[in-house]
Amino acid sequence: MIVDFRTLENRSVIEADLCIIGAGAAGITVAREFVNSRLQVVVIESGGFDPDPDTQSLYRGENVGVKYYPLEACRLRYFGGTTGHWSGQCSPLNEEDFQDRPWVPWSGWPITKTELDPFYKRAHVIIGLGPYVYNDDVWRMVRMDGPRLDPTKLQVRFWQFSRRLRFGQVYRQDIQNAPDVHVYLHANVVNIQTTRGGSAVDNVEIRTLEGKGGTVKAKIFVLATGAIENARLLLLSNRVEPTGIGNSSGLVGRFFMEHPEIDCGTVLPIHPAQFLETWRRQWLEDLIYLPGFRISPERQMEEETLNCGAMITYDMDPDSGMKAVLDVASSLKRTGKLPDHLWTKLWNVLTDLDDVAAGAYTYFVDKKEPLGRPTLVRIVGITEQAPNPQSRVSLSEEKDRFGLNRPRLDWRLTELDKQGLSLLPRLMGTELGRLNLGRVRLADWLQSNGFEAATGLRGGPHHMGTTRMSDDRKKGVVDPNCRVHGNANLYIAGGSVFPTSGYNMPTLTIVALALRLADHLKARLI
Amino acid sequence: MNLTRRQALAMGLIALAISLIPRGMATVLVVGDGLPGEWVRPLDCLRDLFTDLGPPRDIGHRYLQSFPQERNRALLERAITGEQQLYDARQLRTLLAHKREHDFSTGDIAVVDGWVLSRTEARACALIALL
């Protein structure tokens, strides 16, 4: 059942077994696990079914560290959350991401990849992915001959793309029809109220933008509002514990991690069409796989680098007919409108019909993305970021419309964060050279002043680490079950619990961890 | 200007890489056969591997700027061919291909203007630069 909180009486008190704060990928996943459970589950969502500028502006905050996106542009505050602009690119974390690596300070998860594997497999179904395969076996599945890389240096790792992208649309009906799950829209949590000793949560306070208030009381609470907002809400909820909930060790908001992403170089393929045929998206009926490179675990250890991967992209000749067709299709898909310079694009199509015909054949007959006319082949590197307590979310002096401090993000990078991005294109250079597939040219920033000279440095935007998981309350905010240390009934879901980030996109892991959390909560509640 | 130089280097690299395919595309190459039994200096063979010596020469100059101690024809020839005697450009091409693969496998690379090259490739270019 889905209810607009604004239609309730002022100061309504809602009681439930489980209260989930946030209806994004994590929150919806946990909620769906309780459909037909006969438990009363409440989901509190700040937004409605569609993006709304007033609600979205609640995400605004300060950026004081590495140049970053406006915070309100990174996350979507409505039913379905940030899956509303998600590209759907998925891959699980690697084995070594979970391990304690001596050269990576604060590394190591209290759970292993093997423990998470069954949940990754279940997450595949929810996200709409294919078989749980990401290694060289995919080449065989897509009937391609992969390159014979030296696996002790460089490995192939695939990404898959979700067929159930927008959780808000895909799972709305499930939730709507569930008698035991109640979603309250337009309901903003403004305080998490703990009991007198601070050892448990008693209730959460709700406010609407129009000023209506309310309270939700539950046996168990799950905070699932994203890594910045999770930390902010814990820090803001300081009526009992002055430094905020779960913050006795001062770790809430610290260890903010992104996936720094940057062009690392270019490839000069010996046979460009053949090269791009291998490294572009591969379709297997309606499943899409994208091959990428990664530094082998052995090499990471030898060179003491972070985990790092790369994908191949390319620029298309701007005057090619196929590029014009793709631009029009992309604009219609994204905005529902025709693109700018439509006449130029039509002219390009008419004067380059050979290219368009070849592309159409590739698309409709070969069931592949058309290559168009490639010009520059790029290596886009994506790296893990080392956990760093100085990279953090704290509270800004600036207040939102509820009078609550906005978040202040101080994203920081270290030399260690750069090393994988520096090593990977060199390894690609040696391996592509050895196989005589092409030659690699390192990006200018790798030849000169490092990150400072890099103009294209960006993030996912993926937010992780601000309520990290650890056995030890002095090293983490939540325990291995995602329960806040020192609090009996407050759990956290989402990327904020990642102790380390790997280099892979986080949503698959977020959903897997949410399923694991749901199992744990069921065992407690049922 | 910068772009033009890069394009020139890129063209050079393509020619270089293709030249190192043992039985590769001969279309862009002018391959001198050499007479059986006649010993050929590597430098002469290299000359035969390229239709345009400009781009590899540019790479070679850059390599020599980074490794001035290698600015010596005899030294570079020895480094490339070792003790092996060569009779024609085809043999040199095969030798270079093997050495290229060995260099990349063992990590013996040279980064020249950002390009990740095998040491032998870079030295071959340096030899051309000393023409």
Side-chain angles (χ1 to χ4, degrees), chain A residues 147-154 263-275 293 295-296 298-299 302-303 310 314-315 374-379 381 421-450 453-454, chain B residues 2-29 49 55-56 58-59 62-63 65-66 93-125:
Chain A
R148 293 182 181 168
L149 299 173
D150 177 349
T152 64
K153 290 181 184 166
L154 201 60
D263 283 12
C264 293
T266 50
V267 183
L268 192 67
I270 306 299
H271 303 293
Q274 202 175 315
F275 184 83
F293 298 87
I295 304 173
S296 71
E298 296 96 315
R299 204 60 188 235
E302 277 170 35
E303 304 275 347
Y314 63 93
D315 296 350
T375 51
L376 192 63
V377 180
R378 298 176 186 276
I379 301 167
L421 290 170
S422 172
L423 176 64
L424 183 58
R426 284 179 170 81
L427 288 177
M428 288 176 66
T430 57
E431 280 299 278
L432 295 181
R434 181 179 67 82
L435 299 166
N436 212 32
L437 297 173
R439 296 294 180 276
V440 165
R441 184 176 187 275
L442 307 178
D444 289 342
W445 70 270
L446 283 170
Q447 300 172 50
S448 52
N449 301 321
Chain B
N2 204 20
L3 189 65
T4 307
R5 181 177 60 76
R6 292 229 174 102
Q7 284 172 333
L9 283 173
M11 282 170 54
L13 280 165
I14 291 176
L16 180 67
I18 289 172
S19 74
L20 299 184
I21 301 169
R23 297 184 193 284
M25 303 158 63
T27 49
V28 296
L29 306 173
L49 286 179
D58 199 356
I59 294 170
R62 286 172 180 280
Y63 177 75
Q65 278 169 13
S66 302
R93 195 192 306 149
T94 306
L95 173 70
L96 290 178
H98 286 145
K99 292 202 72 154
R100 178 208 73 220
E101 191 175 339
H102 180 264
D103 289 349
F104 279 127
S105 297
T106 57
D108 191 8
I109 58 166
V111 178
V112 184
D113 191 40
W115 291 101
V116 180
L117 303 175
S118 83
R119 180 73 60 188
T120 303
E121 284 176 330
R123 281 176 173 156
C125 292

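Letters go in sequence order (proteins before strands), and every chain restarts at 1.
Taking CG of B:Asp113 as the reference point, atom CD of A:Gln447 lies at 6.0 Å (rounded to 0.5 Å).
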| request: Using the side-chain contact (heavy atoms from CB on, under 4.5 Å) rule, take A:Asn436 and B:Glu101 through it: C-alpha gap first, then chi angles, then the decisive distance, then the call. | output: CA-CA 8 Å; A:Asn436 212 32; B:Glu101 191 175 339; over 6 Å; no
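Across all non-hydrogen atoms, the minimal contact from A:Gly433 to B:Arg100 is O-NE, 3.4 Å. Taking each heavy atom of B:Ile109 and A:Thr430 in turn, the nearest pair found is CG2-CG2, 3.5 Å.
Under the side chain to side chain contact (heavy atoms under 4.5 Å, CB included) criterion, A:Asp263 pairs with A:Arg378, A:Val380, A:Arg458, sequence neighbours left out.
A:Arg439 places no side-chain N or O within 3.5 Å of a backbone atom of B:Leu117 that could act as its donor or acceptor partner.
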